[in-house]
Amino acid sequence: MKNQPKLRIAVQKSGRLNEPSMNFLKSLGLSFAPNGKSLIHQCQNYPLEVLYLRDDDIPEYVTSGVADFGIVGQNVLAEKEVGPKIIKKFEFGECKLIIAAPRNSSIKEPKDLEGERIATSYPKLLSGYLKKENLEAAIIPISGSVEITCDLNLADAICDIVQTGQTLKAHNLSALFTLLESQAVLVESPIKKAEKAGFLSKFKI
Ligand code: PRT
Ligand code: ZN
């Protein structure tokens, strides 16, 4: 096993998916010693290394084959143009991509978005939705704290991830429609490698 080339799996460095992703790997019997600040973590009992990345970069690493596998939200995969193969869906990271508007707003259904400003971190998914609905609206790209944009009159509506709904509530926003239901998934690179079979056999029936 010592001379076997290492497989690589891309995992979110910090944030919501880091802990459940590492728990999944540990549930397969893989062990990891404390890693300090390094962004590459060697598995102690299997030829595998974990790459700690921003979740947004994981689809690219896996599609290019730099990482053999990755754990990422379907929302992130759907927003990227690259699309590695999904081989497992997890029971964590559940959320929805929704459109929401201030409770007292006149925006109540899709047609009300015509001519309005919509802030989002998912411009491609939003643009696809607007096209499908034959609507024209200004997309305001924002990388985080999207819920604040209506309060500050930067946008009339938002397109963002919701889980409990508490952040929407705190900003007097109502969810109007769901664009995408999402959960964390395991993706595989298109590059064939004999070593992948051993890793996959740890959890595939
Ligand atoms: O640093 P990096 O780029 O890696 O992390 P990130 O900040 O982009 O992502 P992170 O850690 O917030 O989320 C990682 C993944 O978890 C997302 O891509 C989703 O697949 C999934 N996920 C599950 C969520 C949520 N639930 C979630 N609630 N991602 C984000 N949120 C945010 C949402 O954007 C909103 O601001 O939480 C807020 C709403 O939460 P509620 O519970 O108030 O509705
Ligand atoms: Zn991110």
Side-chain angles (χ1 to χ4, degrees), residues 8-25 35 37-41 49-64 66-67 69-103 105 117-129 139-152 154-188:
R8 290 190 184 129
I9 183 163
V11 162
Q12 192 187 22
K13 174 176 165 270
S14 48
R16 292 163 204 267
L17 302 185
N18 172 271
E19 195 181 332
S21 300
M22 292 310 291
N23 286 344
F24 165 69
L25 294 178
N35 193 41
K37 287 273 178 198
S38 175
L39 300 175
I40 302 182
H41 201 166
E49 58 191 19
V50 178
L51 310 181
Y52 292 121
L53 304 173
R54 289 284 305 271
D55 64 349
D56 316 78
D57 296 330
I58 292 175
E60 180 57 41
Y61 272 82
V62 180
T63 303
S64 65
V66 171
F69 300 100
I71 299 177
V72 67
Q74 283 175 297
N75 51 311
V76 173
L77 274 185
E79 178 65 12
K80 301 284 169 192
E81 262 147 18
V82 290
K85 190 170 93 186
I86 296 175
I87 54 171
K88 182 178 172 60
K89 293 188 176 183
F90 293 109
E91 283 173 8
F92 57 83
E94 283 109 337
C95 56
K96 289 178 186 175
L97 181 68
I98 52 97
I99 290 192
R103 266 196 219 121
S105 151
R117 301 163 301 166
I118 312 171
T120 190
S121 313
Y122 295 84
K124 287 189 187 136
L125 288 172
L126 175 58
S127 161
Y129 173 78
I139 298 176
I140 318 272
I142 292 288
S143 56
S145 302
V146 176
E147 295 91 343
I148 209 174
T149 57
C150 294
D151 287 340
L152 300 175
L154 180 66
D156 306 299
I158 64 165
C159 171
D160 196 20
I161 295 293
V162 61
Q163 212 247 327
T164 62
Q166 280 177 12
T167 313
L168 289 184
K169 202 169 162 201
H171 291 272
N172 290 313
L173 296 161
S174 296
L176 305 177
F177 338 101
T178 298
L179 271 54
L180 180 81
E181 306 248 3
S182 179
Q183 64 202 98
V185 292
L186 179 67
V187 287
E188 180 182 350

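FYI, the numbering just counts along the sequence from 1. All values below were derived from every heavy atom in this structure, side-chain atoms included, with hydrogens, water molecules and symmetry-related copies excluded. What you see is a predicted model; the values in this text were computed from it and never measured. Counting starts at 1 for both ligands and their atoms, following the listed order.
Counting heavy atoms closer than 4.0 Å to ligand 1, residue D56 contributes side-chain atoms (C-beta onward) but none from N, CA, C or O. When non-hydrogen atoms are compared, ligand 1 lies under 4.0 Å from the backbone of T164 as well as from its side chain. Using a 4.0 Å cut-off between heavy atoms, D55 contacts ligand 1 through both its backbone and its side chain.
By the 3.5 Å distance cut-off applied to N or O atoms, S182 is not counted among the residues near ligand 1. Not a single N or O atom of G73, backbone or side chain, sits closer than 3.5 Å to an N or O atom of ligand 1.
Nearest N/O/S atom of D56 with respect to the Zn ion (ligand 2) is recorded as OD1. Within D55, the N/O/S atom positioned nearest the Zn ion (ligand 2) carries the name OD1.
The protein atom (non-hydrogen) at minimum distance from atom 33 (C) of ligand 1 is I161 O, 3.3 Å. Closest protein heavy atom to atom 26 (N) of ligand 1: Q163 CG, 3.5 Å. From the protein, the heavy atom lying nearest to atom 35 (C) of ligand 1 is E147 OE2, 3.0 Å. With hydrogens left out, the protein atom closest to atom 3 (O) of ligand 1 is R54 NE, 2.6 Å, a heavy atom.
Under the 3.5 Å distance criterion, the side-chain polar atoms of R8 are matched with a main-chain donor or acceptor of V66. No donor-acceptor pair closer than 3.5 Å links the side chain of E94 to the backbone N or O of Q183. The main-chain N or O of E60 is never found under 3.5 Å from a side-chain atom of T63 such that the two would form a donor-acceptor pair. Distance alone, capped at 3.5 Å, places no donor-acceptor pair between the E147 side chain and the H171 backbone.
Numbered from 1 in the order shown, with element, the atoms of ligand 1 that lie under 4.0 Å from a heavy atom of C95 read 19 (C), 20 (O), 21 (C), 22 (N), 23 (C), 26 (N). Residue G15 has at least one heavy-atom neighbour below 4.0 Å for each of these atoms of ligand 1: 11 (O). Heavy-atom contacts of V76 reach the following atoms of ligand 1: 18 (O) (cutoff under 4.0 Å).
Here the side chains of T120 and L125 are not in contact, with every heavy-atom distance at 4.5 Å or above. Taking the side chain as every heavy atom from C-beta outward, S182 and L97 never approach each other to under 4.5 Å. Between I98 and L168, the closest side-chain pair of non-hydrogen atoms falls below 4.5 Å. Side-chain atoms of P59 and V187, non-hydrogen and from C-beta on, never get closer than 4.5 Å to each other. No side-chain heavy atom of D160 sits less than 4.5 Å from a side-chain heavy atom of T167.
Taking the six-membered ring where tryptophan is involved, the planes of F24 and F90 are perpendicular, since the angle between them exceeds 60° and thus also 30°.
Among T167, V72, N75, L168, the residue whose heavy atom lies nearest to atom 39 (C) of ligand 1 is T167. When R16, Q166, Q12 are ranked by how near their heavy atoms come to atom 9 (O) of ligand 1, first place goes to Q12.
No more than 12 heavy atoms of other residues, nucleotides or ligands shown are found within 6.0 angstrom of OH on Y61.
Distances from atom 31 (N) of ligand 1 to the protein include at least one heavy-atom value under 4.0 Å.
Taking a 4.0 Å cut-off on heavy atoms, E94 registers as neighbouring ligand 1.
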